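Chain letters run A, B, ... following the sequence lines, proteins first and then strands; every chain starts at 1. Remember, it's a predicted structure, so these values are computed and weren't measured experimentally.
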Amino acid sequence: MLDLKNIRKTFNPNTVNEKIALNGIDLHLDDGDFVTVIGGNGAGKSTMLNAIAGVWPVDSGSIVIDGTNITNLPEHKRAALLGRVFQDPMTGTAATMQIEENLALAARRGQKRTLRIGITNKERSEYREKLATLGLGLEDRMTAKVGLLSGGQRQALTLLMATLKKPKLLMLDEHTAALDPHTAAKVLALSEQIVTENKIMTLMVTHNMRDAIRYGNRLIMMNEGKVILDIAGEEKKNLTIEILMEAFAKVSGEAFANDRILLT
Amino acid sequence: MPGAIAQGLIWGIMAIGVYITYKVLDLADLTVDGTMATGGAVCVMLMLNGTNVWVALLCAIFAGMLAGLVTGLFHTAMGIPPILSGILTQLSLYSINLAIMDFKANQGISVTKYNLIVSQRNVRSLSISNPIFTTLIILIIVIAALYWFFGTEIGCSLRATGANEAMSRAQGINTNIAKILGLMISNGIVALSSALLAHYQGFVDVNMGRGAIVIGLAAVIISDVLFGKIFRNFALKLTAVAIGAVIYYIVIQIVLWLGLNTNLLKLLSALIVAVFLAIPFWKEKLAIANAGKGGKGNA
């Protein structure tokens with residue numbers, strides 16, 4: 001369960017660059033919810049995920065996951081509950097470390113790190129099996145440096161790392177935006193497979209309306225730092241791009257004029 | 001030449017300390033210019049006051065780690081950029097080092113009266129008292145210890161912090177602790193090298209660490225250029241750094257034989273390091289320029 005209550009965040013307050021990024025977000029997710037998040041540039045989608053992850057402190061409001069109030073926890077402590085995949089394939093992995101070393105780091109998320117060996121042979125065979133499920137041949141390159149992988153391979157690996165220890169909440173932040181369409185589709189399919197198989201509560205930000213409609217059991221639309229649309233269940237299943245655009249115009253009083261969203 | 005090798009090996013230990021911050025943690029730590037005198041000062045003064053040589057050596061390492069801790073706290077708890085944090089600690093260490101040395105600029109320690117671990121006097125002897133032999137053993141112990149440590153869970157978290165901070169925090173690593181720990185280990189090693197150097201030359205001087213970071217970087221860069229493509233294993237990489245320091249000292253020795261004024265050495269070192277640091281940058285620029293030409297040719 002995730003509960004966001006009245007989350008507010010203003011960047012550069014009291015300056016000419018003041019930007020109200022989150023303007024009182026209220027959001028409740030049930031266990032197993034797979035929620036897609038859409039909205040124009042600057043709507044606050046990524047900012048909301050960063051607020052949950054604890055990249056910086058929020059100005060006000062509370063963030064509660066499964067009864068644990070994490071609003072004031074530092075980022076590395078919240079990580080025990082969260083899995084994250086970022087937009088930039090470079091962000092989610094350590095390029096100068098091996099594939100298996102990256103996985104071993106992820107396997108210890110939320111655990112106290114000790115002077116025990118950083119990766120055991122038992123782990124290695126586990127990772128080999130898990131990597132094989134990606135179907136990218138990475139299981140034969142376990143000691144290769146991650147920096148040698150393509151963007152799609154890195155995102156698939158990051159996805160595996162984010163879910164290696166089942167997180168309470170998985171956050172996918174436009175994680176296919178930097179990939180070519182073919183690879184993006186593959187990584188998306190993989191994401192859905194992992195999320196549904198493990199029943200992970202998920203927030204997936206996307207700029208692609210079709211993907212937002214196709215995946216997940218619930219869709220929210222953000223604008224100017226607020227959730228302005230929340231569609232779930234049967235209504236979500238019957239959703240089309242046209243209905244979404246109309247709904248947006250109705251709620252916000254303006255046309256949904258974002259080229260990036262219209263074109264994709 | 002044996003002198004150059006012995007000195008190179010002692011500085012090789014120091015360069016391994018620099019490697020940990022500069023390469024593993026991706027931080028340029030200037031504390032080492034101070035720590036490179038602190039270790040010797042602590043060790044020599046304790047021994048002059050009758051402390052056992054090995055206890056004195058451990059205390060020297062501990063003092064170096066303390067200096068690393070201060071730099072780490074300047075950076076993480078006070079938000080000061082790492083380079084400036086190191087400079088601040090280094091500057092304060094100058095006073096601290098003088099205080100340790102009873103406010104004298106140098107303190108001698110005689111090999112005839114004290115049980116020194118290494119001494120310049122034996123550098124040409126063919127016995128186990130030869131400093132090259134002793135330093136080699138210490139070097140191997142240091143490399144083995146570091147190889148083990150960076151394979152542990154904590155060691156891996158340090159490497160991850162240096163490789164990708166955002167990712168490390170997302171994987172639950174306290175990157176501030178990792179940086180502090182790395183700085184402490186690095187400066188502990190540098191202090192060990194400093195204590196050995198003081199033994200080797202028979203005195204400690206408050207200025208003996210001046211420019212140490214440049215010598216350390218020179219060793220790291222030389223090893224990168226010569227062995228970067230061959231050595232993939234972490235222990236081999238550390239070995240290469242030590243070899244880099246030996247090569248540096250041999251080159252310096254040759255330059256001195258050729259008649260260079262000793263006072264110009266630091267200028268020479270700085271220039272060499274500057275050029276080698278620039279090489280990857282120039283290579284990239286050249287590659288871009290060539291790619292541009294190639295593109296036009298094909299079009």
Asker: Between A:Asn69 and A:Thr71, is any side-chain donor less than 3.5 angstrom from a side-chain acceptor?
Answerer: yes
Asker: Chain A heavy atoms under 4.5 Å from B:Phe149: which part of the residue, side chain, backbone, both or neither?
Answerer: side chain
Asker: Taking B:Asp33 for the side chain and B:Ala212 for the main chain, is one N or O donor matched with an acceptor at less than 3.5 Å?
Answerer: yes
Asker: Would you mind checking which part of A:Lys112 comes under 4.5 Å of any heavy atom in chain B, side chain (CB onward), backbone (N, CA, C, O), both or neither?
Answerer: backbone
Asker: Restricting to non-hydrogen atoms, name the atom on B:Phe150 and the atom on B:Ile20 that form the minimum distance, rounded to 0.1 Å.
Answerer: CZ-CG2, 4.0 Å
Asker: Please check if atom NZ in A:Lys145 has more than 12 non-hydrogen atoms from other residues, nucleotides or ligands closer than 6.0 Å.
Answerer: yes
Asker: Just checking, is any N or O donor in the side chain of B:Asn187 or B:Asp29 under 3.5 Å from an acceptor N or O on the other one?
Answerer: yes
Asker: Please look at A:Ala80 and chain B and tell me whether the side chain, the backbone, both or neither of the residue comes under 4.5 angstrom of a heavy atom of that chain.
Answerer: neither
Asker: Picking from A:Leu105, A:Thr114, A:Ile117, which has the most non-hydrogen pairs under 4.5 angstrom with chain B?
Answerer: A:Thr114
Asker: Do you know which of B:Gly162, B:Ala170, B:Ala160, B:Cys156 has the most heavy-atom pairs under 4.5 Å to chain A?
Answerer: B:Ala170
Asker: Go through the side-chain N and O atoms of B:Ser269 and B:Tyr248 and say whether any donor and acceptor fall under 3.5 Å apart.
Answerer: yes
Asker: Out of A:Asn102, A:Thr96, A:Thr93, A:Thr158, return the one with the most heavy atom pairs under 4.5 angstrom to chain B.
Answerer: A:Thr93
Asker: Need one label for A:Glu75: side chain, backbone, both or neither, based on atoms under 4.5 Å from any heavy atom in chain B.
Answerer: both
Asker: Taking side chain as everything from C-beta outward and backbone as N, CA, C, O, which of these in A:Arg84 sits under 4.5 Å from a heavy atom of chain B? Side chain, backbone, both or neither.
Answerer: side chain
